[in-house]
Amino acid sequence: MTAILPPWIVLDSLLHNWLLEDIGRGDRTTSALFPANSIQGTAKWIVKEAGVIAGLPIADRTFKLLDSSLSFISQVPEGKLCEKGEVIAEISGNFDALLTGERVALNLAMRLSGIATLTQKYVDKIADLPVQLVDTRKTTPGLRLLEKYATQVGGASNHRMGLDDAVMIKDNHIAAAGGIAEAIALIRNSIPYPLTIEVETETLAEVETALQHKADIIMLDNMSFDLMRQAVAIIRQKSDRVKIEASGNVTLETIRSVAETGVDYISTSAPITRSTWLDLSMKIQNH
């Protein structure tokens, strides 16, 4: 699966605002050192710990918003597992742009590489099984597009990007509507084609109800492995079109057992919410 980066017309405003947040009224240090914005330099990005690299095209774009003539040459492809000390990018251009954009570009790449690194560890646990890992909407406000891009780089698929992507009837919707049947009936009468309907279930009785009312996707939420296996058997016996998703308390230690129950998808926020930044650094080259 190839990770697809959102178009720059979508991302540029985000990058622009993040640069403004850091630069404020101007980079006092860099502008004092290089007021003419004419001194050229080069730099290398170096990996300080092993991990999966993500975000190099975004770093390139960040620098180019400051200096469109700057050269950012990736030395490794997105998604490559790199070792400590490996050079992942070489940059040349005005020192002004190199030094002013350094922190924002590094922050984004470090965050995204950390997510991709942990995502790949989860994916590797189930790589030989017919199941897909998907992310969730538990993302950092403002960073969703990029964090979900990073899970793709790590080998996962994206769940819905936002509330408008699909219908997901969760426990609070069910409680507010008065039941699964009532919720599905109300929603089916109002949603546009071709949105799908997913229902969160916690018991076999709820699974039966979701099947009866023709849910497209049934989520097995926080079920034991035994209960999941029973639910999968019930769904497979009655329908070959319904997709099955497992969710809740998925860890590196449990994900394979979840996958072995026969579900189609495993959703977890862990690669995003439990990941740590991958340590990268930029080093200016002496001439």
Side-chain angles (χ1 to χ4, degrees), residues 1 118-138 148 151-152 154-161 163 165-188 191 194-274:
M1 180 184 300
L118 186 54
T119 301
Q120 189 178 90
K121 291 179 180 178
Y122 274 83
V123 170
D124 285 347
K125 293 282 188 180
I126 57 173
D128 60 327
L129 297 173
V131 62
Q132 284 184 268
L133 180 72
V134 298
D135 53 28
T136 75
R137 284 170 46 246
K138 287 185 181 177
K148 281 179 166 280
T151 65
Q152 288 186 57
S157 298
N158 291 152
H159 208 293
R160 57 180 181 162
M161 194 65 65
L163 295 172
D165 276 351
V167 171
M168 181 185 286
I169 305 173
K170 297 175 71 66
D171 55 351
N172 284 329
H173 298 118
I174 294 167
I180 289 175
E182 292 80 358
I184 291 177
L186 287 168
I187 289 169
R188 182 160 280 131
I191 62 170
L195 284 188
T196 55
I197 296 178
E198 178 170 0
V199 179
E200 180 182 288
T201 63
E202 297 179 351
T203 67
L204 296 182
E206 289 180 341
V207 169
E208 294 275 12
T209 302
L211 278 169
Q212 181 183 348
H213 292 274
K214 296 181 170 48
D216 301 294
I217 307 166
I218 296 177
M219 178 195 287
L220 312 179
D221 188 48
N222 285 300
M223 289 187 181
S224 67
F225 299 140
D226 184 56
L227 199 59
M228 267 193 275
R229 280 188 288 269
Q230 292 180 59
V232 169
I234 290 169
I235 296 168
R236 298 285 189 231
Q237 183 180 20
K238 296 190 176 182
S239 174
D240 58 3
R241 70 169 187 84
V242 175
K243 297 298 184 181
I244 309 171
E245 176 183 334
S247 186
N249 297 316
V250 177
T251 67
L252 285 171
E253 291 70 37
T254 64
I255 188 170
R256 187 165 183 88
S257 295
V258 173
E260 288 172 342
T261 64
V263 296
D264 300 299
Y265 301 95
I266 300 173
S267 60
T268 175
S269 64
I272 293 176
T273 60
R274 299 179 189 174

_Once side-chain contact (heavy atoms from CB on, under 4.5 Å) is applied, do any residues pair with S257, and if so which ones, sequence neighbours excluded?_
F225
Could you go through residues 244-252 and list every donor-acceptor pair under 3.5 Å that involves a side-chain atom there, pairing it with any protein atom two or more places apart or in another chain?
| from | atom 1 | to | atom 2 | distance (Å) |
| --- | --- | --- | --- | --- |
| E245 | OE1 | H159 | NE2 | 3.0 |
| E245 | OE2 | H159 | NE2 | 3.3 |
| E245 | OE2 | S267 | OG | 2.6 |
| S247 | OG | S267 | OG | 3.1 |
| N249 | ND2 | N222 | OD1 | 2.9 |
| T251 | OG1 | E253 | N | 3.2 |
| T251 | OG1 | E253 | OE1 | 3.4 |
| T251 | OG1 | T254 | N | 3.2 |
| T251 | OG1 | T254 | OG1 | 3.2 |

_Where A215 and V199 come nearest, the two heavy atoms and their spacing_ = CB-CG2, 3.8 Å
*Could you pull out all residues at least two apart from A270 that satisfy side-chain contact (heavy atoms from CB on, under 4.5 Å)?*
Y122, T268, R274
*Taking only residues two or more places apart in sequence or in another chain, which ones pass salt bridge (charged side-chain N to carboxylate O under 4.0 Å, His left out) with E202?*
none
*asked:* Quick check: closest heavy atoms across P271 and L118, and the distance to 0.1 Å?
replied: CA-CD2, 3.9 Å
*Applying salt bridge (Lys or Arg N to Asp or Glu O under 4.0 Å), which residue pairs with at least one partner in residues 216-226 are found, sequence neighbours left out?*
D216-R241
*Name all residues meeting the side chain to side chain donor-acceptor pair (under 3.5 Å) criterion together with E200; count only those two or more places apart in sequence or in a different chain, and write none if there are none.*
K170
_Nearest atoms (heavy-atom pairs only) where V131 meets I266_ = CG2-CG1, 3.8 Å
*Smallest separation among heavy atoms of R160 and L163, with atom names*: NH1-CD2, 3.9 Å
*How close do G155 and T119 get, heavy atom to heavy atom, and via which atoms?*
N-CG2, 4.3 Å
*Non-hydrogen atoms of A259 and L129 that approach each other most closely*: CB-CD1, 3.7 Å
_Which residues pass the side-chain contact (heavy atoms from CB on, under 4.5 Å) test with A183, not counting sequence neighbours?_
I169, A177
*Could you tell me which residues satisfy side-chain contact (heavy atoms from CB on, under 4.5 Å) with L227, sequence neighbours excluded, listed by chain and number?*
L204, M223, S224, Q230
*For Q152, enumerate each residue passing the side chain to side chain donor-acceptor pair (under 3.5 Å) test, keeping only those at least two apart in sequence or located in another chain.*
N158
*asked:* Just verifying a value: how many Å separate K148 NZ and M161 CE, rounded to the nearest 0.5 Å?
replied: 5.5 Å
*How would you list all residue pairs meeting salt bridge (Lys or Arg N to Asp or Glu O under 4.0 Å) that involve residues 260-269, not counting sequence neighbours?*
R236-D264, R256-E260
*asked:* If the condition is side chain to side chain donor-acceptor pair (under 3.5 Å), which residues does K121 pass it with, not counting sequence neighbours?
replied: none
*Which residues pass the side chain to side chain donor-acceptor pair (under 3.5 Å) test with Q212, sequence neighbours left out?*
none
_When you compare the side chain of L220 with that of T201, does any pair of heavy atoms fall below 4.5 Å?_
yes
_To the closest 0.5 Å, what do you measure between NZ (K243) and OG1 (T196)?_
11.5 Å
*Output the distance between atom OG (S157) and atom CG (L133), rounded to the nearest 0.5 Å.*
8.0 Å
_Enclosure of D240 CG (heavy-atom neighbours >12, cutoff 6.0 Å)_ = no
_Side chains of K138 and I272, heavy atoms from C-beta outward: is any pair under 4.5 Å?_
no
_Between CD on residue Q120 and CG on residue D124, distance to nearest 0.5 Å_ = 5.0 Å
*Say you draw a straight line from NE2 of H213 to CD1 of I187; how long is it, rounded to the nearest 0.5 Å?*
13.0 Å
